[in-house]
Amino acid sequence: MTDRAVHRRRRALYLFFFLNGIAMSSWVTRTPDIRDQLDVSTGQMGLVLFGLSVGSMTGILCSGRFVSRFGTRPVTALATLFVVVSVLVVGAGSALGSAPLVTAGLCVFGVGVGSGEVAINVDGADVERITGTTVLPTLHGCFSLGTVIGALAGMAATAAAFPAHWHLLAVAAVTAAIFVYAIGAVPAGTGVRAAAPASDSPRPAGPQVWKDRRLLMIGAIVLAMALAEGAANDWLPLLMVDGHGLDAAVGSLVYVGFAAAMTLGRFGGTFFLNRYSRATVVRASAVSGAVGLCLVIFSDNTVVAAAAVLFWGLGASLGFPVALSAAGDSGPDETARVGLVATIGYIAFLVGPPTLGFLGDHYGLRPAMVVVLAFVATAVLAAPAAGTRVSRRAGDDAALPAELAVERPGQRTEG
């Protein structure tokens, strides 16, 4: 690919991450309003959110096979269309006060985000291979930037008592416009895996990655950090409202702070990854997340708890993209490896919402977050699995074609 084509492709990936962030935070910030319109309890809201988890898991399990067969572009396109439709369905369910309709909409949303997750991360990993520079943290930073902008809009809409269904309709329109603009820059064929001769390889190559112990440890990191991020996305506004006595608008503002910290951590992540090993960065991220969670759970001071959300967001910011980058760089069959690790991560989204909702109903949301804290603590121990690769600094033959780039210690050469 030419430099111009790579630049357009990277910009398109930025936009796809960005629109997913806007769509996610738009309904998250309206969760208290939607819960009130549905007239459900915290535990019942956990079951509504379970629709998102089921959809996410379905999408993530199917995406790897579809990417291997058709490439990232058609999977990304279909996934984004699902996101647009799902936002409309959630808005309609909110307007009608129908919990089943909102659950169905969140399920479709999960399918869209889950199936698109593997596709755009495989594309991002391919851009890293072509350019020799760190890309995935910045791409995920665009997701977080989208959550900040979407959360600010949601907070303003909540404060103005603007109906959630009209708000979500506007979000769907913006998402559709971004999709139409960006999809043309994504090349065809990325991620397609050639079929192995039947006589030589009776089994597909993909499932063999389950035997890689290091890859499973990377998956454990993703599981913990995805749970930390997902718990905030699903429950943070309600946690601040029900657990710390804030009103809905201020609870949304705290979520904005979390999203802003995620954005800062991801955009600043390249700086640290160029200077420290991935294991060091993952370990520091997990420690920051654990400190933030501790203060949110155990502090009765609302100002301290709200400020601690910043540590939570910074801690959760790099674990997921850095682990995905490590997975793609850990051996052959990049699509299967990224797909496996993403699948393990989405287990957090599958079991997290109903589990935290059930515990929140019985013990309160603050004690329920102790489960998240325990998982984040394990990521500190699993951090060495992320590897020691330090990214190529800007200018270090980054402009060379992939076939002429100098191989660095610990860097995989693509065949």
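- Taking CG from L227 and OG1 from T355, the interatomic distance works out to 9.0 Å, rounded to the nearest 0.5 Å.
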Please determine whether salt bridge (charged side-chain N to carboxylate O under 4.0 Å, His left out) holds for the pair R10 and D123, giving the CA-CA distance in whole Å, both sets of side-chain angles, and the decisive distance to 0.1 Å.
CA-CA 9 Å; R10 182 157 44 189; D123 237 306; over 6 Å; no
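- The two residues A12 and V186 make their nearest non-hydrogen contact at CB-CG2, 4.2 Å.
- Between F375 and V371 the shortest side-chain heavy-atom distance falls below 4.5 Å.
- Between A286 and V380 the shortest heavy-atom distance is CB-CG2, 3.5 Å.
- With contacts defined as side-chain heavy-atom distances shorter than 4.5 Å, the pair M155/Y255 does not qualify.
- Atom CZ of R8 has 12 or fewer heavy atoms from other residues, nucleotides or ligands within 6.0 Å.
- Under the 3.5 Å distance criterion, the side-chain polar atoms of R266 are left unmatched by any main-chain donor or acceptor of P137.
- Side-chain atoms of T138 never come within 3.5 Å of backbone atoms of G141 as a donor-acceptor pair (strictly under, hydrogens ignored).
- At distances below 3.5 Å, not a single donor-acceptor pair connects side-chain atoms of W27 with backbone N or O atoms of A164.
- When atom types are taken as modelled, the side chain of H244 and the backbone of V296 share a donor-acceptor pair closer than 3.5 angstrom.
- Atom CG of L106 and atom OG of S56 lie 9.0 Å apart (nearest 0.5 Å).
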Show, in sequence, the C-alpha distance, side-chain angles and deciding distance for M369 and L356, and conclude whether the side-chain contact (heavy atoms from CB on, under 4.5 Å) test is met.
CA-CA 7 Å; M369 291 297 158; L356 293 176; 4.2 Å; yes
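- In this structure, L239 and V254 have side chains that are not in contact, with every pair of non-hydrogen atoms separated by 4.5 Å or more.
- Taking every heavy atom of both residues into account, W312 and A228 meet most closely at NE1-O, 3.1 Å.
- Distance check: T131 OG1 to R9 CZ gives 9.5 Å after rounding to the nearest 0.5 Å.
- Using modelled atom types, no side-chain atom of S115 and backbone atom of G59 make a donor-acceptor pair closer than 3.5 Å.
- Using modelled atom types and a 3.5 Å distance limit, the side chains of T147 and S144 yield no donor-acceptor pair.
- The closest donor-acceptor contact from the side chain of T103 to the backbone of A99 lies under 3.5 Å.
- Looking at heavy atoms from C-beta onward, D361 lies out of side-chain contact with Q44 at the 4.5 angstrom threshold.
- For the pair R73 and T190, the minimum side-chain heavy-atom distance is 4.5 Å or more.
- Ion pairing between a basic and an acidic side chain is recognised when a charged N comes within 4.0 Å of a carboxylate O; D300 and R366 show such pairing.
- Side-chain atoms of T29 come within 3.5 Å of backbone atoms of S26 as a donor-acceptor pair (strictly under, hydrogens ignored).
- For the atom pair CG (L15) and CG (N20), the distance works out to 11.0 Å, reported to the nearest 0.5 Å.
- For the pairing with S94, the side chain to side chain donor-acceptor pair (under 3.5 Å) check across H165, R35, Q37 returns one residue only, Q37.
- Heavy atoms of other residues, nucleotides or ligands lying less than 6.0 angstrom from CZ of F179 number more than 12.
- Atom CG of L318 and atom CG of L273 lie 6.5 Å apart (nearest 0.5 Å).
- Using modelled atom types, no side-chain atom of R129 and backbone atom of A125 make a donor-acceptor pair closer than 3.5 Å.
- The side-chain heavy atoms of V241 and P237, taken from C-beta on, include no pair separated by under 4.5 Å.
- S86 places a side-chain N or O within 3.5 Å of a backbone atom of V83 that can act as its donor or acceptor partner.
- Taking every heavy atom of both residues into account, L310 and G257 meet most closely at CD2-O, 3.4 Å.
- Side-chain contact check for F18 versus I149: some heavy-atom pair is nearer than 4.5 Å.
- Side-chain N or O atoms of E229 include none that pairs as donor or acceptor with a backbone N or O of S317 at under 3.5 Å.
- Classified by interplanar angle (parallel below 30°, tilted 30° to 60°, perpendicular above 60°), the ring pair Y276/F272 is parallel.
- Here the closest heavy-atom approach between residue I221 and residue A383 is recorded as CD1-CA, 3.9 Å.
- A distance of 13.0 Å separates CD1 of I183 from CD1 of I178, quoted to the nearest 0.5 Å.
- In summary, D36 and R30 do not engage in a salt bridge, as defined by a charged side-chain N under 4.0 Å from a carboxylate O.
- Contact of the L365 side chain with the L238 side chain is registered, since non-hydrogen atoms from C-beta on lie closer than 4.5 Å.
- Listed here is the closest heavy atom pair of G292 and F311: CA-CB, 3.8 Å.
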